[in-house]
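Chain letters run A, B, ... following the sequence lines, proteins first, then strands; residues in each count from 1.
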Amino acid sequence: MRNDDSLPPGLRRAVDTLREEPEVRQEWMDGVVQAAATQRLEDVASPEVRRWALRPSVAIAAGLMFAALGSGITYAVMRPAPVTTTSPVATDSSARDKAPVRFSLVAPSAVSVTLVGDFNGWNPTAVPMRRSASGDTWEVEIGLAPGRYTYAFVVDGHLARDPSAAESAHDDFGAPSSVLLVKGS
Amino acid sequence: MTPRVLSLAAVCLASVVVTSGAQSVTLPSRLAPETRAALERVIDSARTIGLPVAPLADRAAEGVLKGADDQRILIAVRTLARELGEARSILGSTNELAVLTATASALHAGASSTELRRLAHPPGNAPDPHTLATAFVTLTDLVAKHISPTAATTAVGELLRRRATDDQFVVLRSEVEQDIRGGVAPEAALTKRIRSHVELLDAVPLGPKVITRPPPPV
């Protein structure tokens, strides 16, 4: 909708002038069409001229840039995620044949007991244990691939090693854990 | 689709493949920003040379759960990264996570890298990676029972040389533990037990491994 009536007379004339389509001479249009047709014919006749409009070096540089950018984005996205993924570089071929391993701890007065270790990123909420029917023992069963694992129990918020298992050597943090060895098949 | 579009699609796809293959880990939120940054540098360096980074993040998480201070956690993670690198150097081309971490544990327990290399690459057939991992785990656990790294390395070397099975390493470990609980000195327990295992293995003539093949389908 036009609302030119409210404009001052001088400005309204200027607007009207600008609205008028400029004259385009026919020879100009013919020239443009001729030039476009010539360029198109050259492209069709020699397609290799345009094949590497993006040169290999430029493509590689762009690839590296995208990789770096993508890596940064992935890292930024993954960092706050609560899940720790395993490494695809070191192949854990034994992950296919996990063996069920039962953990138990006698703690009749405990209110909550969880299992922590190398197998769950030492996450104290990942593997809660269940009180047995007798009420004295806390138990859980998880699948583990062959290997050596260090682990401990979190009993009402306090770390405790498994009294029925070997103690881990050279603990770096001054709170010994227990050691579990899962045999290969 | 023009070549230009195809080129751009290719480089974008390549970047997606590269980034999706990267190992990602999570560090505990309790860590101070500067500790976190230092740990991320250690993890990035490990990732660059193809080492597994999950054990490094696990070690940091273990430290946090055990109430260790940031400096101690940083030292522990750096030490583990160095040991994993040394383990990779000892083992050569293996990518088995279990044997890599077992070798790193043995190094951490004080075993000599020269001796571990000798055990991993004996003349003739190299041991199965699973058996090697079990042997190095046994070595580490023997050291934890106050047996010297040299004696423990010699003991597992005797069994590896005789092609002991995983089970025999596990039995040795539990027998020594049982003897120590019974009051026997750690190295005396190992000497006694290793002698009986060696006698048993030497009594069995070594031959080619027999694999029972299932009958062909009818």
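- Between Arg148(A) atom CZ and Asp141(B) atom CG the span is 4.5 Å, to the nearest 0.5 Å.
- Expressed to the nearest 0.5 Å, how far OG1 of Thr138(B) lies from CG of Leu181(A) amounts to 6.5 Å.
- Closest approach of Gly121(A) to Ala61(B), counting heavy atoms only: O-CB, 3.2 Å.
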Step by step, would you call Asp172(A) with His108(B) a side-chain contact (heavy atoms from CB on, under 4.5 Å)?
CA-CA 10 Å; Asp172(A) 287 319; His108(B) 197 69; 3.2 Å; yes

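- Counting heavy-atom neighbours within 6.0 Å of His146(B) NE2, excluding the residue itself, gives a total of 12 or less.
- Thr101(B) does not touch chain A: none of its heavy atoms, backbone or side chain, sits under 4.5 Å away.
- Within residues 64-76 of chain B, the residues having any heavy atom under 4.5 Å from a heavy atom of chain A are, by residue number, Leu65(B), Lys66(B), Ala68(B), Arg72(B), Ile73(B), Ala76(B).
- Atoms CD and CG, from Glu62(B) and Asp118(A) in turn, are 6.5 Å apart once rounded to the nearest 0.5 Å.
- Looking at Arg173(B), the atoms closer than 4.5 Å to chain A (heavy atoms on both sides) all sit in the side chain, from C-beta outward.
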